[in-house]
Amino acid sequence: MIDFIEELKWRGIFHDIMPGTDEQLEKEMTAAYIGFDPTSDSLHIGSLSQMITLKRFQLAGHKPVALVGGATGMIGDPSGKSQERNLLTTEILNKNLAGIRKQLEHFIDFESDIPNKAEMVNNYDWMSEFSFLEFIRDVGKHISVNYMMAKDSVKKRMGKLDDGQDASGLSFTEFSYQLVQGYDFLHLYQNNACKLQMGGSDQWGNITTGTELIRRKAGGKAYALTTKLITKSDGGKFGKTEKGNVWLDPEKTSPYEFYQFWLNTSDEDAEQFIKIFTFLTQQEIESLIEEHQQAPHNRRLQKRLAKEVTVMTHSQKAYDTAVDASEILFKNGSIDRIETLDNSTFMAVFNGVPKFEIEKNELEKGISILDLLAEKTKVFASKGELRRLMKDNGLSINQEKEKNVERVFTSSDLIKEKYILIRQGKKKYSLIEIV
RNA sequence: GGGGGGAUUCCAGAGCGGUCAAAUGGGGCAGACUGUAAAUCUGUUGGCUACGCCUUCGGAGGUUCGAAUCCUCCUCCCCCCA
């Protein structure tokens, strides 16, 4: 059996642990849960490492429990937030829960007939039954306000900040979040024999409220394990691009963009990420790192990382298409190559590229480049921006550099009889389609 | 309640009657180099029918030939003393 904690440690994701956790894991098959916040209808790659942690836990012979926060999502976790959160409506929450369930099922085995098959629970199922009075009598009585106020996530929102400014304060609703999450742990401890809660290091406070509650109310012993929050070597926030979050839902982030995100990982981060986000063995990873250091320009590490994560998240097919698209868009992307693509491949390659439309007859009349790209379509925000780009030699039309501001377009400029391909700089494509 | 300071272009932050579409830095975009990396260097960064015109310096008025700059009122923010 794989030593789960050792595994997390060499992968560099281990953060903190409550004493006794390792003994518990050695002693017996243990159930552990991680909570997922339904703040959106898809998880993004920030949650990916948590899902993988659950998966590793399962591979180590233990039983993972994925909790979707139907109840806690209604409240909002103050951890890591400097401002009071807006509440989600029930309708949005339900939609989000459904989306997240689907993604969790894709990663973790909830189906097969193994003793440690995964379970999914929704804390709304037990919290919605709770009356306020019952809750404050049965749960609130066991935890002191002093204890709750000592949490970092709460302290940061009260009194003065380091720079002397007043903290933003937090509502009773957010203050009570940790109790609700703590109760989840108690509930799962009592009903699902769940003895361990895992989460990001920002969850430590919430998790220990749970173990405390279990100790006081059930007289039981429960454990906590946290993983490091993933950071980038340049200090930027992990999982964000200019376009925002990188989502696991292919509708929100196309497999091509997803693949590109991982491919563009910096050298230092790639060494870290391949350990965290793949199931490759230590030997495999070490030899990859060594290969990469020998010939960094080949970017073997990034390619392998991107492959593993894309196949795992989407599919082998989606990965193949993403690689094809990358080849076409970055390497030998001659216009002839693009012209000879069949329609479905063409659409796959340009899936996720912003698309703009133009009336057929406008093009037949002939239209100037400035009007086409900055007036009729909004490929560029202003004509000035487009002029500047052309002056800097940064615009390509159908893969040919274009510097002529007077250029006029007609039907003869179409590729595949209905598109004009615009490229800004090296990698930013847009597609105009006639309608 | 009393006293003081401030609001400037994406952000930070100069400007304090004409030479201001507004210094400088950051960020963005592009070019060179390269590995679709990092670092570096270069250009660019309100709009347009472009050697000119239009819209911008919290909001509304006013003084002036001329205002981001002066005056009045309003809104919001911060600091100090109670």
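Every chain is numbered from 1 and lettered A, B, ... according to where its sequence line falls, protein lines coming before strand lines. Just so you know, these numbers use all the heavy atoms, side chains as well, and skip hydrogens, waters and symmetry mates.
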Given the C1' atoms of B:G17 and B:U69, what is the spacing between them in whole Å? 6 Å
Test ring-ring contact (aromatic ring centres under 6.0 Å, His included), reference A:H314, set A:Y259, A:Y319, A:F258, output is A:F258
Span that lies between the P atom of B:A14 and that of B:G6, in whole angstrom: 10 Å
Tabulate atom names and distances for all N/O pairs under 3.5 angstrom spanning the protein and nucleotides 33-36 of chain B.
| residue | atom | partner | partner atom | Å |
| --- | --- | --- | --- | --- |
| B:G35 | O4' | A:H297 | O | 3.3 |
| B:G35 | O6 | A:D267 | OD2 | 3.1 |
| B:G35 | N1 | A:D267 | OD1 | 3.1 |
| B:G35 | N1 | A:D267 | OD2 | 3.0 |
| B:G35 | N2 | A:D267 | OD1 | 2.9 |
| B:G35 | N2 | A:Q302 | NE2 | 3.2 |
| B:U36 | O2' | A:N264 | OD1 | 2.8 |
| B:U36 | O2 | A:Q260 | OE1 | 2.9 |
| B:U36 | N3 | A:Q260 | OE1 | 2.9 |
| B:U36 | N3 | A:Q260 | NE2 | 3.1 |
| B:U36 | O4 | A:Q260 | NE2 | 3.2 |

Mind checking who B:U63 pairs with, Watson-Crick or G-U wobble, both distances under 3.5 Å? none
May I ask which nucleotide in the shown strands pairs with B:G17, Watson-Crick or G-U wobble, both distances under 3.5 Å? none
Please determine which of A:L414, A:V379, A:I358, A:T377 meets the side chain to side chain contact (heavy atoms under 4.5 Å, CB included) test together with A:I420. A:L414
Chi class for B:A50: syn within 90° of 0, otherwise anti: syn
Once you round to the nearest 0.5 Å, how far does CH2 of A:W247 lie from CD of A:E257? 13.0 Å
Whole-Å distance, A:D269 CG to B:A38 P, equals 11 Å
Quick one: A:L395 CG to B:G31 C1', roughly how many Å, whole number? 14 Å
What contact category does A:K401 fall into here, base, sugar-phosphate, or nothing, at under 4.0 angstrom with non-hydrogen atoms? sugar-phosphate
Does the side chain of A:T208 pick up a donor-acceptor pair with the side chain of A:K151 at under 3.5 Å? yes
Taking B:G26 as the reference, what is the distance to B:C71 when you measure between their C1' atoms (whole Å, please)? 36 Å
Heavy-atom count around A:E364 CD within 6.0 Å, excluding the residue itself: above 12? yes
Using whole Å, what does the distance between atom P of nucleotide B:C29 and atom CZ of A:R423 come to? 16 Å
Please measure how far the C1' atom in B:U34 lies from the corresponding atom in B:C53, and state the result in whole Å. 44 Å
Determine the Euclidean distance between corresponding P atoms of B:G4 and B:U8; express it in Å to zero decimal places. 23 Å
Any-strand Watson-Crick or G-U partner of B:U75, both distances under 3.5 Å: B:A7
Enclosure of A:E400 CD (heavy-atom neighbours >12, cutoff 6.0 Å): no
Using whole Å, report how far NZ of A:K303 lies from P of B:A37. 13 Å
Could you tell me the separation between the CG atom of A:L389 and the P atom of B:U42, rounded to a whole number of Å? 21 Å
Could you check B:C48 for me: syn (within 90° of 0) or anti? anti
Write down the distance between CZ (A:R300) and C1' (B:A37), rounded to a whole number of angstrom. 17 Å
Please check if the number of heavy atoms outside A:K141 that lie under 6.0 Å from its NZ is greater than 12. no
Is there a Watson-Crick or G-U wobble partner for B:C41 with both distances under 3.5 Å, and which nucleotide is it? B:G31
What pairs of nitrogen or oxygen atoms, one from the protein and one from nucleotides 53-56 of chain B, lie under 3.5 Å apart?
none

Inter-nucleotide P distance (B:C20, B:G31), Å rounded: 32 Å
Rounding to the closest angstrom, what is the interatomic distance between B:A67 and B:G18 at atom C1'? 9 Å
Identify each atom pair where a protein N or O and an N or O of nucleotides 43-47 of chain B are less than 3.5 Å apart, giving names and distance.
| residue | atom | partner | partner atom | Å |
| --- | --- | --- | --- | --- |
| B:G43 | N2 | A:D392 | OD2 | 3.3 |
| B:G47 | OP1 | A:S382 | OG | 2.8 |
| B:G47 | OP2 | A:R388 | NH2 | 2.9 |

For nucleotides B:G3 and B:C74, find the distance between their P atoms and express it as a whole number of Å. 15 Å
A:F14 ring centre to A:R11 NZ or CZ under 6.0 Å, with the angle to the axis within 45°? no
Could you tell me whether A:D371 and A:K383 have a side-chain N and a carboxylate O separated by less than 4.0 Å? yes
What distance separates A:L54 CG from A:L59 CG, expressed to the nearest 0.5 Å? 11.0 Å
Whole-Å distance, A:R387 CZ to B:G31 C1', equals 20 Å
Modelled atom types, side-chain donor and acceptor of A:Q424 and A:S430, under 3.5 Å: no
Taking 4.0 angstrom as the limit, do A:R304 and A:E308 come out as a salt bridge? yes
Can a cation-pi geometry be assigned to A:R56 and A:F279, taking NZ or CZ under 6.0 Å from the six-membered ring centre and within 45° of the ring axis? yes
With a 3.5 Å limit on both atom pairs, tell me what B:G1 is paired to, counting Watson-Crick and G-U wobble, or say none. B:C81
Rounded to whole angstrom units, what separation is found between the CD1 atom of A:I422 and the P atom of B:C29? 19 Å
